[in-house]
Amino acid sequence: MMWNDAARRAFGMSDGAASMNDLSPEAPAHKGRPKIGLALGGGAARGWAHIGVLEVLKEAGYAPDVIAGTSIGAVVGGCYAAGKLDALSEFAATLTKRRVVGLMDFHIGGAGLIAGSRLKRLLERDLTGQRIEELPVRFVAIATELGTGHEIWLTHGLLVEALRASYALPGVFDPVRLGGRWLMDGALVNPVPVTAARALGADIVICVNLNSDLSGRGTTIQNHSADPDPAPEAPGAEERPVSRWFGGITGAARRVRGLVGRASSDQPGLAGVMIDAFNITQDRISRSRLAGDPPDVMIGPKLARVGLFDFHRADEAVALGRHAAERMLDEIEAVVQSTTLRRDEAAWHVNR
């Protein structure tokens, strides 16, 4: 695609900025095979599985020429495109529950529970100054515009800012303002961005769906009672003085727990409700979009036992990603061979 001066100015691009990440298919693939695109889906902590998938694909000779990522998929894909996947893998392996909590800079008065400044500094440590259009691998991060619901493809500009916008989970992280738009998590509109990978010139698209293993979702309960559950029994007389004495302390503790988990043993907390509602929406949208534009190969790691906030279980998630990718290598090879054959046959007819 040729860019004139007016087009460059309109997209905020400097001279030569369209070399790798414009929407044209001219970037060279690995010699002798079709261009492979990788669509990395959202799924919070389950996204560490993307690291294992990328490691296996690279080892098997299927390193992607194009990467489209949403949310955590954008983070892992962007680090790979920038040559920093090993650094990300090492960082993920060091995470503990305590360190994960330490990275969460909770604040009051913003549009989310977490300001995100600490996570931004971590990204900047290895990605400062990296621009999407200058990456050796073509890359796009998916975000959603607040208000309009537009699907925004971040194809040029600062990589760190694109990643922050793509993972800005509503109600958890503050939205990010880029190019005059307030942006938030791309999983709201395109949880597994197969369409974006195709648009950037991929001949074959492999997608990684982090939620494919979550069984039991989306069914219809056709005959459910609207009667409320019985009220819990009141505490006995001997418990009441203790409850009054500690009531203020325990009440405050329940409210704090409600922000990050469950307010009580049977009542979901604020963050838990937001995350689960978001996950249900993402699952429904994924099904619809993948049915309309299916990938050539779908990798679905068995991640049901890994919680959305289990960032400290990176080693387990990476191993599950590796296992899922290894199981699909024969299918990937078959798709590559058939696509190569069709391409060669088409070229033969053109050159007759």
Side-chain donor-acceptor distances from residues 325-335 under 3.5 Å, at least two apart:
| residue | atom | partner | partner atom | Å |
| --- | --- | --- | --- | --- |
| E333 | OE1 | Y62 | OH | 2.2 |
| E333 | OE2 | Q337 | NE2 | 2.5 |

Contacts table for residues 69-79: side-chain donor-acceptor under 3.5 angstrom, sequence neighbours left out:
| residue | atom | partner | partner atom | Å |
| --- | --- | --- | --- | --- |
| T70 | OG1 | N190 | O | 2.8 |
| S71 | OG | D185 | OD2 | 3.0 |

Using residues 291-302 as the side-chain source, report each donor-acceptor pair under 3.5 Å to any protein atom, sequence neighbours left out, with the distance given to one decimal.
| residue | atom | partner | partner atom | Å |
| --- | --- | --- | --- | --- |
| D293 | OD1 | R198 | NE | 3.1 |
| D296 | OD2 | R198 | NH1 | 3.4 |
| D296 | OD2 | V205 | N | 2.8 |

Check residues 223-230 and write down every donor-acceptor pair under 3.5 Å in which the side-chain atom is one partner and the other belongs to a residue at least two apart or another chain.
| residue | atom | partner | partner atom | Å |
| --- | --- | --- | --- | --- |
| S225 | OG | D227 | N | 3.0 |
| S225 | OG | D227 | OD2 | 3.4 |

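With hydrogens and angles ignored, the 3.5 Å screen pairs a side-chain donor or acceptor of T128 with a backbone N or O of E124. In this structure a side-chain-to-backbone donor-acceptor pair under 3.5 Å is present from W48 to F311. Of the possible polar contacts, none joining the H323 side chain to the G52 backbone as a donor-acceptor pair under 3.5 Å is found. No donor-acceptor pair under 3.5 Å is formed between the side chain of R289 and the backbone N or O of P193. Between the side chain of D310 and the backbone N or O of H312, no donor-acceptor pair lies under 3.5 Å. Of the possible donor and acceptor atoms, none in the side chain of R138 sits under 3.5 Å from a partner among the backbone N and O of D65. When atom types are taken as modelled, the side chain of R322 and the backbone of A317 share no donor-acceptor pair closer than 3.5 angstrom.
When hydrophobic clusters are built by joining Ile, Leu, Val, Met, Phe, Trp and Tyr residues whose side-chain heavy atoms come closer than 4.5 Å, directly or via intermediates, V101 is not grouped with V172. The hydrophobic cluster containing V53 does not contain L290, counting ILVMFWY residues as joined when their side-chain heavy atoms lie under 4.5 angstrom apart, directly or transitively. Grouping the Ile, Leu, Val, Met, Phe, Trp and Tyr side chains by contacts below 4.5 angstrom, directly or via other members, places L188 with L146. With hydrophobic clusters built from ILVMFWY side chains whose heavy atoms lie under 4.5 angstrom apart, V56 shares a cluster with V336. Residues I285 and M184 do not share a hydrophobic cluster, clusters being chains of Ile/Leu/Val/Met/Phe/Trp/Tyr side chains in contact below 4.5 Å.
For the residue pair G41 and L210, the shortest heavy atom distance occurs at O-CD1, 3.5 Å. Closest approach of L163 to Y167, counting heavy atoms only: O-CD2, 3.0 Å. When all heavy atoms are compared, the tightest approach of V192 to C207 is CG1-CB, 3.7 Å. Taking every heavy atom of both residues into account, L183 and A168 meet most closely at O-CB, 4.2 Å. Contact between A314 and A92 at its shortest, heavy atoms only, is CB-O, 3.4 Å. The shortest non-hydrogen separation linking A202 to I36 is CB-C, 4.3 Å.
Taking 4.5 Å as the limit, every side-chain heavy atom of P64 sits out of range of all side-chain heavy atoms of K35. Using a 4.5 Å heavy-atom cutoff, the side chains of L158 and R131 are in contact. When side chains are defined from C-beta on, L178 does not count as touching I152, because their heavy atoms never get closer than 4.5 Å. A heavy-atom distance below 4.5 Å is not found between the side chains of L40 and Y80.
Rounding to the nearest 0.5 Å gives a distance of 8.5 Å between CE of M104 and CZ of F309.
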Exercise for the section: Kindly determine whether L127 and K84 satisfy side-chain contact (heavy atoms from CB on, under 4.5 Å), including the steps that lead there. Expected result: CA-CA 8 Å; L127 302 177; K84 299 294 183 179; 3.8 Å; yes
Exercise for the section: Show your reasoning for whether side-chain contact (heavy atoms from CB on, under 4.5 Å) applies to R164 and V160. Expected result: CA-CA 6 Å; R164 290 181 61 228; V160 169; 4.2 Å; yes
Exercise for the section: Would you sort out whether E151 and T144 count as a side-chain contact (heavy atoms from CB on, under 4.5 Å), showing the intermediate values? Expected result: CA-CA 5 Å; E151 180 177 331; T144 304; over 6 Å; no
Handout entry: Audit row: I142, W153, side-chain contact (heavy atoms from CB on, under 4.5 Å) steps and yes/no
Key = CA-CA 5 Å; I142 309 300; W153 293 7; 3.5 Å; yes
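A donor and an acceptor atom, one from each side chain of R99 and T94, are located under 3.5 Å apart.
With sequence neighbours excluded, the residues satisfying salt bridge (charged side-chain N to carboxylate O under 4.0 Å, His left out) with R181 are E145. Take R125 and apply the side chain to side chain contact (heavy atoms under 4.5 Å, CB included) test, not counting sequence neighbours, and it matches F91, L122.
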